Amino acid sequence: MSLLKPFSKLPGINSANILLVEFEETFQQSLADALVEETAVTVNVRLAKSLPLPKENEENRPRIDLVVFIINLTTELSFQSAEASLKCLDSGFFLGKVCFMVTNARNASVPTERLDSVRKLAASLHCPLLFAEDQTPAGVTNAAERLLTILKVTAGLVPMTTALYLSNLTRCTVPPDIDQPTFD
Amino acid sequence: MGDSTKSLLQRIIRRIPSRAIESTLRKWGRLTAEQLQSIDFTQPKWTVTQELLDMCEEGNWTLKFITELEMSYIIDNPNQGMWYAYQLMNPEDDANSVELTQFKEQFKSHLKQLVRHISLKMKKHTDEAVWIRIAWGDRFFQPNHMKPTYAVHYLQTPYVFVTSLTSKHKPLFSQAMTLSTRYQAIKDANLSGRNLTAIRDLLMRQFQQAFPTKHPSPLAERNQTVSHPRIEKEQDGNAANRLELACEAFGGGTLPQLQSAVYKLETKFRDQTNKAMTEREESFKCIVKFASTNLLESLRHCASSGFASTPVTPLLSSISLKGKNYFVITDNSPGAASQPRRAQDK
Amino acid sequence: MAASFNRSGPSDLETSSVNDQSVSSRSSNRSVRVAEKERRKNEAEDPVVLALKYFNDVEAGTPVNGNDEVEKQLVLVEKVGYSRGLSPDAISVMLEFAMSLRMGTTLCPRVLKCLIPATTVPQEAVVRAVVWLGVGKIPATTQVLFVKWVLTVFDMIDEKDQLRAIYGFIFNFVTDENLCPFICHLLYLLTRKESVRVFRVRKLLELQSKLGRQPFLLHLLSLYKVFCPELVTLSIPSRMRSGFKNHTSPWKSALLFVQKRNGSQVSSNVSLAVTVKDKTSTRKRKHHHLELPKLSSVVNKPAQTETSSSRKLVPLTQLHSFAQLLENMHRIELPSQMGSLLGSSMALHYLDCVQDESALLRLNFWLGYSLHEEFLFCSDGGASQYSEEVLQFLNRLLSTQHFLQEGFSSSEAFLYKFLTVWDGALYRPEILGLLSNIPVIPSSQIGRLLFEPLMQLFFTSSLFFKCGLIECLNNMLLKWLTWHSVYALEDDLDISLHSHTSINMTLSGFKDSVMELVLFVGRLASVGLQLEGCHSVLLSFVLDFYETACDTFLKYGLPLVLLPPSGVFYPALLASDPVSVDRLAYIMYRYKANLTSAKNQEKVTEQAFHISRQTFREFNSYIAVMANYLWNSRVFHPGMGVQLEKELLLKSNVPEYWTSFDLIHHPAFMSYAIDFHRKCWPGRKDMDLNSIKLSKPWGWYLEYLFTQGFDGLKLFFQGNVRQQKAQGDGQGDSTPTQAR
Amino acid sequence: MEGSSKGGVLSHLSLLEAKARSRKTQLHQIKELRDKVEALRIQRDQLRAEIETHKILQKVRASLDKKCTKGGEEEELQVKEGEKMNEDSEHSQLLRLMARHTQLKDLLHAHHIIGGYNITKTIQGRRVCASLATAYEGVYLETYNVEFDLKPTVRIRRHDVPPFIPVDSLAEQSNMQTDIRAFLDTLSKYLNGYAGRKQQLKLVKERHKSVEVMESNVLCSILVMLLTVPGERVTVLCTLKYTDHTRCLPTGVYVQCEADKELPDSPQWKNNCSLLMETPVHKALTIMRDRWIIA
């Protein structure tokens, strides 16, 4: 199994490369379209269903600055495949170059345990956990912008900050269950 | 007699949803224009029924009329009961030259010989289909019009579609059918569903199947997504590949609306982790049922989106391939033990 | 059921027998009757009337089968029912007929199905029917049908008092497992604080243990819990979905039809009935909660408010002026849908001045429930939010909270949950608005509930979100401080902040929370400024916050002074726009005022608070830095916040770098300096800014600056810098006055 | 109200954000348009170049074809070509090869049209899929597919041939293991026959409104028509039977007439029958109509 390495390649000038990993391959497309709208920086988006990435485009693949795992809470499979894919990442990525993006968190059909397990996962890896409204265009653009904010930092385009620094500020923490009876 | 007629009429009207009543009656064509005028279809259904019953009284309609009404209604919306497909086997040489009139009287005569009291009604639909309505009686009882059997047959094809046929009458029906269509045997085609057209299309190969050809296939063109130069798909190839395989397995375009597929497993339980079950001598029996509003669609989506592994297991693909949705899996069939279990947890 | 058949009424004599049946209600609407009589004098005999008469006095045990009479009459009634709807009395008659099983059980369902009220449903009829429910041997399905019917027409029942009176009786039906769900719903609509009893709670719990955690039981229980939390101990799961199913199916179309037909005449009822349907058909339609039912009640017979018997209740609808509100204060009938309260200011007045526990509880319950349903557990993952409706709702909620000057506890609870799954954009202004209204959180909780989710959002979101959040937190602080200054009692330090949610916290607890908040903003601000490259918009929002924070003691009497971190101080001081610098100066000036006055109070009273030396030291160093930078041109002086190697500075070969941040060379003020120079020495060709440094022009220059509207600087200067003429070089040396 | 004004600030911030976004997208769009223009230019130039080469190709091709028709061998043809066009050799070489390629492709296409079967290999040659085109009177009709498994033995895996065409029995009769070709031939005969009859029926319904089609079936193996003789209002019931399903001409024609029993035996109707036997039904009917035999 080939590990994806964060520092094996040199960064391009004024460019940032992001890898979106989503099992369903639905949200990532619209997200990518929103991401490449960015004009200040040239953003290259790589889409994948799962890791490891195929060997053949090993050489033309740029250095990946941020890996985003998109997890759709409505399906267990989505979470499982993300979990499996994590194993194919070099540990170097976990110094602030990985983040999770969760969709359908507000969906009624989602069991709370699933969200909790995602939280636990993100917390155990010290990664930020973002929530996104993938249904509405506004939600998509917003999600893209948030990813860009992180991406710019991880690609070293923001002076005086590093990926690790940011991830220390934004990383997910497992909240002790605040599930009291809610309306009293 | 009149009483039964009325009750039958009542029953039929009850089955027809109130918005469809008017159109159905018009189609039926037994009501005069002014009669139709006189009925106010906005008022609650049972009042309409009352009025119809009165008309039935004064017009003293025969049972024939009523059965006509029922038949025309059923033909227009057949998706009510469960439809079962039967296949006629090894035809005589003149099986292909059977024609309608001959078939009709043959069928009638054969059935009449078998059962004394029976009421038959045949009608050729616009799409060459022969619709048969059978109200069964027996030696002592008048034919029961309350639960008639409906059968649909296309001449020169080896398939018959039947609904609400009791096991008691099945042999009679089969015999009459085989004889009158000049075949030698009839067997259950292991295909059933609520949607008549669906199972018909499935058996008669009237749905669009995807075949590998030299010409660019429509679906290849369909998923040509014009992508931004800076967006790169890592695993692009296998997505398209998956879709193609899925379409080859289940067909392209819109698929017949099948509701369910049933797998009856009588296989040896193989699972290293579970010794107790594995060691048991007698085979492990269980039934796996897939249900959906449109099973084939969902299966195809499963395969194309990678939920199910591709190439699709023969167990699933043979639904559309063999035109069956009931399978009995025994150990001699290859890989039967492993695949069903995957099927289960999907 | 007095003899008043409006619109399809028979003459009095036919219904005389009816009258005997219920004398009670005759009185209740005699006036109506009188009017009716006149009208009926010249009214032709109506077949329907005869039909009703027939059903009224058909004797028990009449056979149904082959009885064409019944058929005929019933058809008549049904025709009317489906077309125009039945008048109240017709309903009573038919209901009585059906439930008493005078002609067996077969006709019951048919009759019930056609009971479409034209205007209202007399309460007595319903009560009697309920009684029959107890007496007669009505088949289970019919019983269910009946209760469903009651639920459907619930808000068309003219009064509820008697129904509430037989609460206990109704409650008994809970044990019947067929009826249970529907009875639960009915009880849910009828429950009041006083009707919650220990034995009932016990009953429900034991039912739950038998039937499992059924949603309908949970709903009723949660309502009970809302009313008396001490009785109900079990914890209600936060995500209860699809509490009560839709019961209206048999009547929906007919009701709608009838209402369309005579919509004009009974509009209020229609609207109510419709909203009722939405209420019951909960999961069917989205956002049913969010459409605020318009405040109305079916009891609109002004005649009766005069003849107000002691128990008579006045629905809120009939109050139009504050005066009326005052005189009816003791007997207000709240509408069955608390949501409607949000609509009318009258109701809000009522809520505000009457500390009506149950009303607020009910409102909170409704609110919390709807918020959860619509935002946290949407059926479709929030795909198609009818955002217009939602916005309206949220804004209505916001304005209500501003009206009441406090947040609802339910919205608070909701927010804490929502923040953890928020994407930071969905309804941002509204959510932040609501957030700024939440009451003080104990410092032990504040981090977990508020800071952690907000941190993530803040640092991953755009500049605009950052500004918004700072603004929101500023408002939050403002509200907290205001509450403090209002509710704080001097004698004992125990202050109950939120008048309704009983958060009683000690002054020290409160102080801790405020401190937490201010420090948190400090962290956010310093890192945020760093990330955004000290963006001036963000900076101004931050300074806004500190303008609030610096006055905690003098303005709001909270003995607490917290300085901004250097991460905020220096960006403001070295900002490229003069406004920021000016505001910073003002803030420092205010801090000084607070600190000094705190000092003095410390001197006079013992029990005043103690400010740590550390704070003073920090403050003084800030003052020193500002003075040295702006006045004394002593930049990068050893022993100050920012230090640099001398060699390095020399290497940079900036000419006399130490002057580069004084009021003349400061990037923010340079232009002013140049302008001043022009004005001062119009003749001069060569521009030498240093010549301003000379003591005389320096004084003028400061004057000039102050005239440019830099009051902050002015105040700061007057407060802190005392000029001492040094002879020799006329360079004004200014030393900051230290607050000790 | 103070609170509302605060809300104003927040909503105003969102407004600003939206504005910023829109501006960004606008810039982006402009840039994109520029790129598009550039791309289009390049494409245009490419097309021009292609046209050029194509012209030359045509020339070579023409000469090539001439040679082929003359039956000259490849070598000397090349030699001639070589001396004919005096460009740099490898370029001409390439051109010649391209020309050859196109020629071969055309041959292949021709072969298809003449009635070869379009056969494609799938999954590493373990299966083949043959598609049989049907046509009638030079009109292309449906194409049917049959997929074979090659290993272990050649057998039909799936097909979309309508059920009333006995694919399986045909497969049994012909020995597929040795030559699929024979099987395909027979099958395509059946299919073409069916398609042809179906087309005829369609045409009859379209063109002959006066003719009433009493009965037909899915296989189109029987056709009962009601013809009306123009002069005296007699109607003739004409039945066509196609017992040989590979052909589109009837094997039997039967005429009945209630009005006068002799009519079928009349010489005129005799040769009508023979006409119907020899010519496709819709044509035959046209002829008869022109001869004023039927309306």
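Since the structure is predicted, the reported quantities are computational estimates derived from the model, not experimental observations. Quick note on labels: first sequence line is chain A, next is B, and so on, each numbered from 1.
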Open item on the list: I'd like to check the ring pair (Phe, Tyr, Trp, His ring centres under 6.0 Å) partners of F327(B); sequence neighbours left out, ordered by chain and number.
Closed with: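 By the ring pair (Phe, Tyr, Trp, His ring centres under 6.0 Å) rule, F327(B) matches Y263(B).
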Open item on the list: If the condition is ring pair (Phe, Tyr, Trp, His ring centres under 6.0 Å), which residues does Y86(B) pass it with, not counting sequence neighbours?
Closed with: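 Ring pair (Phe, Tyr, Trp, His ring centres under 6.0 Å) check on Y86(B) returns nothing, list empty.
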Task: Non-hydrogen side-chain atoms of E232(B) and R61(A) separated by less than 4.5 Å - done: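 No, side chains not in contact.
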Open item on the list: Is there a side-chain contact between P54(A) and E234(B) in this structure, where contact means two heavy atoms from C-beta onward sitting under 4.5 Å apart?
Closed with: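 Yes. Closest side-chain heavy atoms under 4.5 Å.
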Task: Criterion side chain to side chain contact (heavy atoms under 4.5 Å, CB included) against I231(B), the qualifying member of L47(A), L20(A), V43(A) - done: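 Among L47(A), L20(A), V43(A), the one meeting side chain to side chain contact (heavy atoms under 4.5 Å, CB included) with I231(B) is L47(A).
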Open item on the list: What's the separation between atom CZ in R230(B) and atom CD in E38(A), rounded to the nearest 0.5 Å?
Closed with: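 With rounding to 0.5 Å, CZ (R230(B)) is 9.5 Å from CD (E38(A)).
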Open item on the list: Within the supplied structure, the quantity of interest is the number of heavy atoms (other residues, nucleotides, ligands) at a distance under 6.0 Å from K289(B) NZ; does it exceed 12?
Closed with: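 No, not enclosed.
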Open item on the list: If I measure from the heavy atoms of chain B, does T26(A) come under 4.5 Å with its side chain, its backbone, both, or neither?
Closed with: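 Neither the backbone nor the side chain of T26(A) comes within 4.5 Å of chain B.
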Open item on the list: When you measure from the side chain of Q235(B) to the backbone of K49(A), do you find a donor-acceptor pair of N or O atoms at a distance under 3.5 Å?
Closed with: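 Checking the backbone N and O of K49(A) against the side chain of Q235(B), a donor-acceptor pair under 3.5 Å is found.
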